[in-house]
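This is a predicted model, so every value here is computed, not measured. Just so we're on the same page: letters track the sequence lines, and every chain starts at 1. Basis for what follows: all heavy atoms, side chains included, without hydrogens, waters or symmetry-related copies.
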Amino acid sequence: MSYENSKESHIIYDHPRRIALVDCNNFYASCERVFKPAWQHKPVAVLSNNDGCIIARSNEVKAAGIPMGAPYFKCKKELDAIGAIVLSSNYSLYGDMSARVMDTLAQYTPDMEIYSIDEAWLDLTGFKLDTLTDYGRQIVKDTHRFTGIPVSMGIAPTKVLAKLANRVCKKQNIKGQVFDLTQVDDLDAVLASVDIEDVWGIGRKLSQKLREKHQIKTALDLKNTDANQMRRLYSVVMQRLILELQGHPCLFAEDVEPKKQIIASRSFGERVTSQDDLMQAISMHTARACEKLRSQGSVAGSISVSIRTSPFQAREPFFSRHASTQFVTPTADTSLMIKGASEALKHIYKKGPKYAKAGVMLNDIQQANEIQQDFFAEPSPKSDALMGVLDAVNQRYGKNTLFYGSQGVQHKWQMKRNNMTPRFTTSWSDIPKV
DNA sequence: TCTGGGGTCCTAGGACCC
DNA sequence: TCTGGGGTCCTAGGACCC
């Protein structure tokens, strides 16, 4: 096995490039099944925050025709009819299970890129080509055995093709859950079987345009276009996508950079009208956002606050506003941020609308050790120490052990989570009993 | 009655610099 | 090989992803 440094791997072509995309099958539903074996062959659906939409479905639920993202209240009957287990989302569990899957996958290549909570790219360039499929099957099998989570793998020379291979693998339930696109006799036939909207990077708008303007209906149709011309008509993103479909790598592993924008927002469990209630929610979101900010060693130059009513209520006009506060010196201090957020809220709050959601966004993010200081401001070394203690205590004793008074203690608008499973792997009190 | 949350990248266009 | 306004910074908005 020979392996090139990830930054240079796209320049050196000693070996044909081989990228594997590993994707957990029905991830959230699968996590729930790990600790409830009785649910193994039952339909399982997982809901978004506030028990709003369907965000994960077991195969049985998919087979019943219940679409991804559908509002729960609209498909409750169908779910009941098939005897589905319907659960509130349990992010502590999913986050921990994800870490286990990633730890396992990392054993099989020196170059892995975590792409989302349930997906990772494994660079297998330079591995022995004639045994790659077997190697993939081993990875899939081991991951299932070590974590309880079933996964699928697509292998190809580019990311777009690997993604496509993974999709075909799941759809056709390929043996061993590995589909190596470089091993098929008729690649074009495979591409012709994939609808244009199922190509990674082609969303709702683009697929509609491609279908209507260019009669492009499948991945094959798109592959057969002129990439340069399509760049002129669309964008460089489209050009790259086409080149990747043609087998020319354009997308490479990216280093994990600190976030440039941090968002914390939630819909309310029930509508909110008063400024006090809004401010409590915004204080909570601000505290959470600042925690994330500090955890990546950053400071932010501005905070933006947003409030809105429900966009789905036909009876009442949609109301949505946002405002931001700039800081002379970028900061990660929760109390300064809450103060800034409070000022912003005062500007935009209007009495009357029934608010459905509030949130904050931190912008102009920089590394804390690189900031331009304010010449006239008093330095406040106490802030860093205080935030350090705050984070350390909450880390050790659990979320919100220490919190700001403005966050309040009783939240009638708390999000709905009517059917959540225990935090089997992250809380001593929830540990499974045998 | 009930519709998630958190991100990224790209483009266009304006203001401004030399 | 041909030729030549070039360039930065900022914001808003659109599109995509999971």
Side-chain angles (χ1 to χ4, degrees), chain A residues 21-24 26-28 45-56 66-77 79 86 88-91 94-95 98 113-121 159-160 163 166-167 196-210 231-241 250-251 254-271 281 285 288-289 292-293 296 301-302 304 306 308-316 318 322 324 326 354 356-365 415-419:
Chain A
L21 176 69
V22 178
D23 190 328
C24 301
N26 318 327
F27 183 55
Y28 297 168
V46 179
L47 304 175
S48 63
N49 277 337
N50 266 315
D51 295 347
C53 299
I54 312 279
I55 53 168
I66 289 160
M68 177 73 172
Y72 177 43
F73 73 93
K74 282 191 180 171
C75 50
K76 187 169 185 306
K77 270 188 187 161
L79 287 164
V86 179
S88 306
S89 35
N90 183 348
Y91 285 102
Y94 312 150
S98 171
E113 181 192 6
I114 296 175
Y115 177 63
S116 74
I117 192 164
D118 72 331
E119 283 172 90
W121 305 100
K159 284 188 166 181
V160 170
K163 196 85 183 174
N166 185 279
R167 192 190 161 78
I196 188 66
E197 37 278 292
D198 296 335
V199 174
W200 188 44
I202 301 292
R204 207 164 34 90
K205 299 266 184 178
L206 281 176
S207 59
Q208 198 190 338
K209 258 193 192 170
L210 290 172
R231 174 177 182 156
R232 263 174 265 130
L233 291 172
Y234 293 89
S235 72
V236 65
V237 181
M238 177 68 83
Q239 182 190 30
R240 281 183 203 140
L241 207 155
C250 299
L251 305 175
E254 278 160 35
D255 297 329
V256 181
E257 301 280 334
K259 303 242 180 296
K260 296 168 186 168
Q261 174 173 83
I262 291 173
I263 297 172
S265 69
R266 284 282 180 278
S267 297
F268 301 124
E270 56 184 71
R271 302 286 184 258
H285 300 329
R288 207 155 52 85
K292 293 188 207 176
L293 185 70
Q296 63 171 30
S302 69
S304 163
S306 62
R308 68 161 171 77
T309 58
S310 167
F312 304 102
Q313 288 294 327
R315 283 165 300 152
E316 288 165 41
F318 179 57
H322 62 95
S324 54
Q326 315 276 332
K354 295 180 178 128
K357 183 175 178 176
V360 304
M361 183 160 83
L362 306 183
N363 281 307
D364 308 323
I365 292 178
M415 67 177 175
K416 270 191 290 186
R417 278 169 144 185
N418 288 335
N419 197 11

May I have the distance from [X] (atom [atom1]) to [N] (atom [atom2]), rounded to whole angstrom?
{"X": "A:E197", "N": "C:dC17", "atom1": "CD", "atom2": "C1'", "answer": "16 Å"}
{"X": "A:D198", "N": "C:dC16", "atom1": "CG", "atom2": "P", "answer": "13 Å"}
{"X": "A:L21", "N": "C:dC17", "atom1": "CG", "atom2": "P", "answer": "14 Å"}

Do NZ/NE/NH1/NH2 and the carboxylate oxygens of A:E316 and A:R271 come within less than 4.0 Å?
no
State which residues pass side chain to side chain donor-acceptor pair (under 3.5 Å) with [X]; sequence neighbours excluded, sorted by chain then number.
{"X": "A:Y234", "value": "A:H214"}
{"X": "A:R231", "value": "A:Q239"}
{"X": "A:R167", "value": "A:D198"}
{"X": "A:N418", "value": "none"}

Residues passing the side chain to side chain contact (heavy atoms under 4.5 Å, CB included) test with A:K76, sequence neighbours excluded, are A:Y72, A:D80
Go through the structure and list residues passing side chain to side chain contact (heavy atoms under 4.5 Å, CB included) with A:Q261, not counting sequence neighbours.
A:I263, A:M361, A:N363
Could you encode protein contacts along nucleotides 1-13 of chain B as a string, one character per nucleotide from 5' to 3', using B for base contact, S for sugar-phosphate-only contact and - for no contact, with a heavy-atom cut-off of under 4.0 Å?
-BBSSSSBSSS--
Could you tell me which residues satisfy ring pair (Phe, Tyr, Trp, His ring centres under 6.0 Å) with A:Y94, sequence neighbours excluded, listed by chain and number?
A:Y28, A:Y91
For A:I117, which contact category applies under a 4.0 Å heavy-atom criterion: base, sugar-phosphate, or nothing?
nothing
Dot-bracket, DNA chain B: Watson-Crick or G-U, under 3.5 angstrom, [ ] crossing, | other strand?
....||||||||||||||
Could you give the distance separating B:dT3 and C:dC18 at their P atoms, to the nearest angstrom?
25 Å
